[in-house]
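When reading the values below, keep in mind they use all heavy atoms of this one structure, side chains included, and skip hydrogens, waters and symmetry mates.
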Amino acid sequence: MQDSEIKEMLADLVWLNAVIATELIQITENSSAILRKSPPSASCLVEHHALRSTALAMAEKYRPGTMLARHLGEHQ
């Protein structure tokens, strides 16, 4: 494998892991809300937002312009 192929593969993996991470955060929030019959605590929401922002920054660094930012903006 050439260096350019390895870099491309790593960029793909960083992006994919960021997608997985942000979706898992959303699943956790949704599951918590269903089980507790109330939204997650404000502190959790703040922390989750920060974690999503970090994952998004990583994804955008290596794959700018994907739909991830828009998709995350639509999460509730």
Side-chain angles (χ1 to χ4, degrees):
M1 222 178 222
Q2 302 232 343
D3 283 351
S4 62
E5 290 175 311
I6 292 170
K7 287 179 184 178
E8 187 72 18
M9 180 183 65
L10 291 174
D12 288 343
L13 290 173
V14 168
W15 183 84
L16 182 59
N17 280 320
V19 171
I20 292 166
T22 57
E23 291 300 307
L24 284 174
I25 291 168
Q26 192 61 47
I27 290 167
T28 301
E29 284 183 6
N30 293 346
S31 298
S32 173
I34 290 166
L35 291 172
R36 299 191 303 131
K37 297 182 180 169
S38 65
S41 68
S43 63
C44 277
L45 292 174
V46 168
E47 291 167 1
H48 291 170
H49 178 74
L51 291 168
R52 271 194 288 268
S53 294
T54 300
L56 178 59
M58 288 178 196
E60 287 291 312
K61 180 177 179 181
Y62 295 103
R63 287 282 176 260
T66 68
M67 292 180 58
L68 185 57
R70 186 176 70 169
H71 176 73
L72 292 178
E74 294 171 1
H75 275 184
Q76 294 186 23

Crowded around Q2 CD? As in, over 12 foreign heavy atoms under 6.0 Å?
no

Is there a path of hydrophobic side-chain contacts, each under 4.5 Å between heavy atoms of I/L/V/M/F/W/Y residues, joining L13 to M1?
yes

Do D12 and R63 come within less than 4.5 Å of each other through their side chains, counting heavy atoms only?
yes

Quick check: does any side chain N or O of S32 sit under 3.5 Å from a backbone N or O of T28, one acting as donor and the other as acceptor?
no

State, to 0.1 Å, how close A18 and A59 come at their nearest heavy-atom pair, and which atoms those are.
CB-CB, 3.6 Å

Check this for me: R70, atom CZ, are more than 12 non-hydrogen atoms of other residues, nucleotides or ligands nearer than 6.0 Å?
no

Output the distance between atom OG (S31) and atom CD (Q26), rounded to the nearest 0.5 Å.
10.0 Å

Rounded to the nearest 0.5 Å, how far does CD of E23 lie from NE2 of H71?
3.5 Å

Single-linkage hydrophobic cluster, 4.5 Å side-chain cutoff, L10 and W15 together
no

Atom of M58, atom of V14 and distance for their closest heavy-atom approach:
O-CG1, 3.8 Å

Honestly curious: do L72 and L24 fall in one hydrophobic cluster under the side-chain, below-4.5 Å linking rule?
yes

Distance from E47 atom CD to S41 atom OG, nearest 0.5 Å?
7.5 Å

Quick one: which of I27, L68, L56 gives a side-chain contact (heavy atoms from CB on, under 4.5 Å) with T22?
L68

Rounding to 0.5 Å, atoms NE2 (H48) and OG (S43) come to a distance of 8.5 Å

